[in-house]
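Here it is: the structure, laid out below.
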Amino acid sequence: MSAESPAGPRSGNRSRISARFTADGGRRPPLWQLVLRYLLLLAVFAVLVGPFLWQLSTSLKGSGEDIYSYPPKLLPAHPTLHNFAKVADLIPVWDFALNSLKVAVANVLTNCVGAALAGYALARLRFGGRKLTAVAFVMAMLVPVESIIIAQFMTMRDLELNNTLIAVVLPGCVGALNVLLMRNAFANLPYEIEEAAYCDGANAWQRFTRIALPAVKGTLAVVAIFSFMGAWDDFLWPLIVLSDQSNFTLTIGLNYLHGTFANDQRLVAAGTVIAVAPLIVLFACLQRYFFRGVGEGAVKG
C-alpha cells in the first residue's frame, strides 16, 4: 500500500480555499452579484452609447427606409454614405470643421502649457499667497459660465477681437480644473528626486522640464482630452462672439441642419456623427495615457 504524501490533503484544502478569493486578496463575490454587476454595466452602456449608435444607424439609412418604424431597427437595411455627402453639399462642413480644429488645437496647447506651469508653481514652489491662489482656482470653478459671458463679450469687443477665432480661444485658454489637475499630479511626485536635482545645481526651470513634466505625461493627456472636447463641443460662446459665417465652428454650422432641414433627421444624424468622430479618434489614440493620468493624482507617490 502506497503512503499518501503529507502535502496532498493540505494542498487540496489550500486550493479550495484560494478559489474563494480573488487575485487581489479580497473574497470572491457570489454568482448573483457578478450577474447584477454585468447587468448594471450593460444598462449604463446602453444609456451612454445607445444614442450615438442610433444616430450612426440613422445617418446610414437611405431616403427610402423608414426611420420611425416600430419596433425600431438599429441595423440599416441598405447602408449608404449619401447623407454625409449631402451634408457637405448643403453647408461648408469641412470649413467649419477646420475652424473647430484650429480652436481646439489652440485650446489644447494653451491649456497644456499654462496649466502645467501654474500647477507646478502651486505644487512645488514656495511663494506668498500660494494657498490663496489655489483657493481662487477652486472658486473659479464654482462660477457659472453664463454669469460672466456678457463680461467676456464686452472684453472681446473692447479688444476689437469680436468675430475672430482668437476671441473663441481666449476665455478658455487656461481652465481652472486643468490647473488643479496638474497641481495634484505634481504634488504627488516624491520630493527626494527634486531635492537631489537641486543639490546638483538644477534651477526651477530645469527641474520642471527634465524631472517633473516627464513624470506627469498621463495627466497632460487628460488635460489635452478635456481641453479638446471642451473647445470642440462649445456652442454658446462661439454663437455669441462670431457673426461671420466664414469663422463659424462646426457646432454652429451644424445648427443649420436643425433649422431649414429639420424634417430630414438623416442629415442631422450625419452631421452629428461628423462632429463626434474626431473626439472618438482622439480618445482612442490617447486612452492609454488617459487612464494612466487618472491614477497619477489618486495615490501619493
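In this chain, residues are counted from 1 in sequence order.
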pair L170-Q152: side-chain heavy atoms closer than 4.5 Å:
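Heavy-atom side-chain distance check fails, nothing below 4.5 Å.
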Answer yes or no: is there a donor N or O on one side and an acceptor on the other, between the side chain of R124 and the main chain of L189, under 3.5 Å?
yes
Verify side chain to side chain contact (heavy atoms under 4.5 Å, CB included) between I91 and L254, making sure each step is shown before the conclusion.
CA-CA 8 Å; I91 59 175; L254 292 178; 4.0 Å; yes
Flag, side chain of N178 to backbone of S227, donor-acceptor distance under 3.5 Å:
no
Can you see which heavy atom on A115 is nearest to which on V174, and at what distance?
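Looks like N-CG1, 4.2 Å.
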Find the distance between CZ (F153) and CG (D158) and round it off to the nearest 0.5 Å.
10.0 Å
Taking CD1 in I150 as the centre, count heavy atoms belonging to other residues, nucleotides or ligands within less than 6.0 Å. Is the count above 12?
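Incorrect, the count does not exceed 12.
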Looking at every heavy atom in both A116 and F208, which two are closest together, and how far apart are they?
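Smallest interatomic distance, heavy atoms only, reads O-CE1, 3.6 Å.
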Looking at L242, is its backbone amide N or carbonyl O close enough to the side chain of N247 to form a donor-acceptor pair, meaning the two atoms are under 3.5 Å apart?
no
Is the NZ or CZ atom of R183 both under 6.0 Å from the centre of the six-membered ring of F137 and within 45° of that ring's axis?
no
Under the side chain to side chain contact (heavy atoms under 4.5 Å, CB included) criterion, do F127 and R130 qualify, and how do the steps go?
CA-CA 6 Å; F127 58 91; R130 184 173 66 123; 3.7 Å; yes
Would you please classify the geometry between the F186 ring and the Y120 ring as parallel, tilted or perpendicular, with 30° and 60° separating the classes?
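Perpendicular, since the angle between the ring planes exceeds 60°.
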Do side-chain atoms of T110 reach the backbone of C173 as a donor and acceptor pair under 3.5 angstrom?
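Present.
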Mark yes or no for whether R157, through its side chain, and N162, through its backbone, hold a donor-acceptor pair below 3.5 Å.
no
Smallest separation among heavy atoms of N107 and A231, with atom names:
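It is ND2-CB, 3.5 Å.
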Steps toward side chain to side chain contact (heavy atoms under 4.5 Å, CB included) verdict (V44, L48)
CA-CA 6 Å; V44 172; L48 296 179; 3.6 Å; yes
Report yes if some heavy atom in the side chain of V93 is under 4.5 Å from a heavy atom in the side chain of I274; otherwise report no.
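When only atoms from C-beta onward are counted, I274 and V93 do touch, with a gap below 4.5 Å.
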Crowded around E160 CD? As in, over 12 foreign heavy atoms under 6.0 Å?
no
Considering all heavy atoms of both residues, which atom of P51 and which atom of A46 are nearest to each other, and what is their separation?
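It is CD-O, 3.8 Å.
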Counting only heavy atoms not in I166 (residues, nucleotides, ligands), do more than 12 fall under 6.0 Å from its CD1?
no
So how far is it from T251 OG1 to L239 CG, rounded to the nearest 0.5 Å?
8.5 Å
Would you find a donor on one side and an acceptor on the other, under 3.5 Å apart, between the side chain of T58 and the backbone of W54?
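Between the backbone of W54 and the side chain of T58 there is a qualifying donor-acceptor contact (under 3.5 Å).
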Verify the cluster assignment for V179 and L125: are they in a single hydrophobic cluster under the rule of side-chain heavy atoms below 4.5 Å apart?
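Same hydrophobic cluster.
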Reported SG-to-CD1 distance for the pair C285 and I225, which is rounded to 0.5 angstrom:
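Those atoms lie 9.5 Å apart.
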Measuring from L122:CG to L180:CG, what's the distance to the nearest 0.5 Å?
8.0 Å
Side chain proximity check, Q245 to P92, heavy atoms < 4.5 angstrom:
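A side-chain contact under 4.5 Å exists here.
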Within-4.5 Å side-chain heavy-atom neighbours: F226 and L181
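Yes, close enough: below the 4.5 Å cut-off.
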Following the transitive rule for hydrophobic clusters with a side-chain heavy-atom cut-off under 4.5 Å over Ile, Leu, Val, Met, Phe, Trp and Tyr, establish whether V138 and V145 coincide in one cluster.
no
With a 4.5 Å cut-off on side-chain heavy atoms, are W32 and R37 touching?
no
For S100 against T249, the heavy-atom pair lying closest together:
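Closest heavy-atom pair between S100 and T249: OG-CB, 3.2 Å.
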Check step by step if side chain to side chain contact (heavy atoms under 4.5 Å, CB included) holds for L60 and N83.
CA-CA 7 Å; L60 296 176; N83 295 321; over 6 Å; no
In terms of hydrophobic clusters joined by side-chain contacts under 4.5 Å, are I149 and M139 together?
no
To the nearest 0.5 Å, what is the distance between CG (N163) and CE (M156)?
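Answer for the CG-CE pair, N163 versus M156, is 13.5 Å.
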Quick one: is the NZ or CZ of K102 closer than 6.0 Å to the six-membered ring centre of W232, and within 45° of its axis?
no
Measure the spacing between CG of N255 and CG of L250 and express it to the nearest 0.5 Å.
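CG of L250 is found 11.5 Å from CG of N255.
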Does F228 reach the side chain of L279, with side-chain heavy atoms less than 4.5 Å apart?
yes
Ignoring hydrogens, what is the shortest heavy-atom contact between F248 and S243? Give both atom names and the distance.
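Heavy-atom minimum between the residues: CE1-C, 3.9 Å.
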Tell me whether I240 shares a hydrophobic cluster with L159, the cluster being built from Ile, Leu, Val, Met, Phe, Trp, Tyr side chains joined at under 4.5 Å.
yes
Hey, quick one: are L177 and V135 part of the same hydrophobic cluster, counting side-chain heavy atoms closer than 4.5 Å, chains of contacts allowed?
no
Residue pair F52 / I280, side-chain heavy-atom distance below 4.5 Å
yes
